[in-house]
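Heads up: the structure comes next, in structure tokens.
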2 protein chains.
Amino acid sequence: MDKDLENIKTTLDVVCGKWKAVVLYKLTSGTLRFGEIKKQIPLIKHQTLIKQLKELEEDGLINRKSYPEVPPKVEYSLTDYGRDLEYLLTHLVEWGNEHNRLSYRAEKELEET
Amino acid sequence: MDKDLENIKTTLDVVCGKWKAVVLYKLTSGTLRFGEIKKQIPLIKHQTLIKQLKELEEDGLINRKSYPEVPPKVEYSLTDYGRDLEYLLTHLVEWGNEHNRLSYRAEKELEET
DNA sequence: CGGTATCCAATTGGATACTG
DNA sequence: CAGTATCCAATTGGATACCG
């Protein structure tokens with residue numbers, strides 16, 4: 001019976017993109033427009049954000065509401081399914097906070113820049 | 001003040017390897033030898049496991065104790081630092097369980113095999 | 001048995017250019 | 001403003017072979 005293993009992989013598959021968890025976390029505070037998300041995550045690249053949003057939508061974690069205006073306006077929000085991640089997301093933040101030095105590998109990565 | 005963003009990334013960096021969270025989860029039950037971990041995660045490849053264990057060790061999440069015997073015997077266990085992840089890991093399992101259909105993308109991936 | 005050392009294939013993040 | 005469509009560079013998982 002290794003359902004646990006499968007369950008972990010299911011969750012990781014959904015949360016582990018370079019910025020996915022961060023995007024989801026931002027959306028826990030409420031609906032955001034594309035540009036707003038981008039502004040709140042300065043380091044993310046335009047194209048990257050689009051890709052990750054699309055995957056999150058395909059995975060059923062977020063809603064995408066597009067207004068037929070010019071200029072376009074698109075809003076993203078969590079689905080119920082995605083909202084169930086809220087608790088997990090706060091724990092991601094907390095663990096990172098309690099161990100707030102970066103990981104050894106992340107440090108190494110930064111030293112190179 | 002976007003410490004949250006940084007914290008999430010810190011945590012993800014440590015947990016997001018194809019099998020890292022699973023390995024950590026297995027180790028929450030106690031110390032395991034290399035071969036035992038491999039047996040408990042049948043799909044993982046020898047070389048992949050070695051790489052991920054090394055990274056987890058570098059990140060300070062697990063201890064590696066090698067016995068100078070022939071044949072070799074190596075045991076892995078969680079550090080205190082890694083043990084703090086336990087709570088998070090159980091939540092990964094729970095979310096996956098409550099949403100136990102695979103993600104849409106994961107399903108697609110499976111259909112191809 | 002558990003490990004190193006190489007090399008390779010696949011994935012993924014991101015750069016660039018163009019659209020309504 | 002938000003989105004396609006390409007293409008590319010970097011990373012990562014894994015295959016293979018050999019070692020103490």
Side-chain angles (χ1 to χ4, degrees), chain A residues 5 8-9 12-23 26-27 31-59 62-77 103 105-106 108-110 112-113, chain B residues 5 8-9 12-23 26-27 31-59 62-77 103 105-106 108-110 112-113:
Chain A
L5 191 151
I8 291 184
K9 297 225 62 153
L12 287 185
D13 188 60
V14 141
V15 157
C16 285
K18 195 166 179 183
W19 299 98
K20 278 188 191 175
V22 177
V23 170
K26 293 297 179 189
L27 288 175
T31 301
L32 289 174
R33 294 186 58 178
F34 179 86
E36 292 171 330
I37 300 177
K38 212 167 156 304
K39 211 168 299 170
Q40 292 198 31
I41 313 176
L43 289 174
I44 201 172
K45 300 304 170 187
H46 183 82
Q47 192 53 239
T48 307
L49 180 54
I50 287 182
K51 278 185 191 171
Q52 307 229 352
L53 284 170
K54 191 162 26 173
E55 288 192 357
L56 289 171
E57 196 194 352
E58 286 171 6
D59 284 339
I62 62 175
N63 293 311
R64 177 177 179 283
K65 183 167 184 185
S66 168
Y67 296 85
E69 305 174 358
V70 176
K73 172 179 170 182
V74 183
E75 288 182 341
Y76 293 92
S77 59
S103 76
R105 286 184 305 112
K108 242 174 39 189
E109 198 177 314
L110 282 180
E112 287 161 10
T113 56
Chain B
L5 191 152
I8 291 183
K9 299 226 65 167
L12 288 184
D13 187 59
V14 141
V15 156
C16 284
K18 196 166 180 184
W19 299 99
K20 277 188 191 174
V22 177
V23 170
K26 291 297 178 190
L27 288 175
T31 300
L32 288 174
R33 293 185 57 180
F34 180 87
E36 292 171 331
I37 300 176
K38 213 168 158 302
K39 211 168 296 170
Q40 293 198 32
I41 312 175
L43 289 174
I44 201 172
K45 300 305 169 188
H46 182 81
Q47 192 52 239
T48 307
L49 180 53
I50 287 182
K51 278 184 190 171
Q52 308 229 354
L53 284 170
K54 191 161 24 171
E55 288 191 357
L56 289 171
E57 196 195 351
E58 286 171 5
D59 283 339
I62 62 174
N63 294 310
R64 179 179 178 280
K65 182 167 183 184
S66 167
Y67 296 86
E69 304 174 359
V70 176
K73 172 180 170 182
V74 182
E75 288 182 342
Y76 293 92
S77 59
S103 75
R105 286 183 305 111
K108 240 174 40 190
E109 199 177 313
L110 282 179
E112 288 161 11
T113 55

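Labels below follow one simple rule: chain letters A, B, ... track the order of the sequence lines, proteins then strands, and each chain is numbered from 1. The structure presented is a predicted model; accordingly, all values stated were derived computationally and were not measured.
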Pairwise side-chain contact, B:W19 with A:L5, heavy-atom cut-off 4.5 Å (strictly under): yes

Side chain proximity check, B:S66 to B:R64, heavy atoms < 4.5 angstrom: yes

Taking D:dC1, C:dA15, D:dG14 as options, the one with an atom nearest any side-chain atom of B:K45 is D:dG14

How many Å lie between NZ on B:K18 and P on D:dG13, as a whole number? 8 Å

Taking B:E57 for the side chain and B:K54 for the main chain, is one N or O donor matched with an acceptor at less than 3.5 Å? no

Rounded interatomic separation in angstrom, taking NZ from B:K38 and P from D:dG14: 12 Å

note: A:K20, atom NZ; C:dG14, atom P; distance rounded to Å ~ 13 Å

Side chain to side chain, B:V23 and B:Q52, heavy atoms closer than 4.5 Å: no

What pairs with B:K18 under side-chain hydrogen bond (donor to acceptor under 3.5 Å, both in side chains), at least two apart in sequence or on another chain? none

Under the ring-ring contact (aromatic ring centres under 6.0 Å, His included) test, which residues partner B:F34, sequence neighbours left out? B:H46

Sub-3.5 Å pairs of nitrogen or oxygen atoms, protein against nucleotides 4-10 of chain C:
from, atom 1, to, atom 2, distance (Å)
C:dT4, O4, B:Q47, NE2, 3.1
C:dA5, N6, B:Q47, NE2, 2.5

Calculate the interatomic distance between A:L49 atom CG and D:dG3 atom C1'; express it in whole Å. 12 Å

Any side-chain heavy atom of B:T31 sitting closer than 4.5 Å to one from B:Y76? no

B:E57 CD to C:dG3 P, in whole Å, measures 9 Å

Rounded to whole Å, the CD1-C1' distance (A:I37 to D:dC1) equals 13 Å

Applying salt bridge (Lys or Arg N to Asp or Glu O under 4.0 Å), name anything that partners A:K9, two or more places apart in sequence or on another chain. none

Scan B:Y67 against the nucleic acid and name what it touches under 4.0 Å (heavy atoms): base, sugar-phosphate only, or nothing. nothing

In whole Å, what is the span from the CD1 atom of B:I44 to the P atom of D:dA15? 12 Å

Looking at residues at least two apart in the chain, or sitting in another chain, which of them share a side-chain hydrogen bond (donor to acceptor under 3.5 Å, both in side chains) with B:E75? B:Y67

Rounded to whole Å, how long is the line connecting atom CZ of A:R64 with atom P of D:dA2? 10 Å

Assign B:Q52 to base, sugar-phosphate, or nothing according to its heavy-atom contacts below 4.0 angstrom with the strands shown. sugar-phosphate

Axial bend angle, the helix from C:dC1-D:dG20 to C:dG20-D:dC1: five-pair end segments, nearest 10°: 40°

So does A:W19 get a side-chain nitrogen or oxygen closer than 4.0 Å to the phosphate oxygens (OP1/OP2) of C:dT12? no

Any idea which of C:dG2, C:dG14, D:dG14 is nearest the B:R33 side chain? C:dG2

Close N or O pairs between protein and nucleotides 18-20 of chain D (under 3.5 Å):
none

Going by heavy atoms in the side chains, are B:L56 and B:K20 under 4.5 Å from each other? yes

Contact between A:I41 and A:L49 at the side-chain level, heavy atoms closer than 4.5 Å - yes or no? no

Holding to salt bridge (Lys or Arg N to Asp or Glu O under 4.0 Å), I want the full list of residues that pass it with A:K51, two or more places apart in sequence or in another chain. none

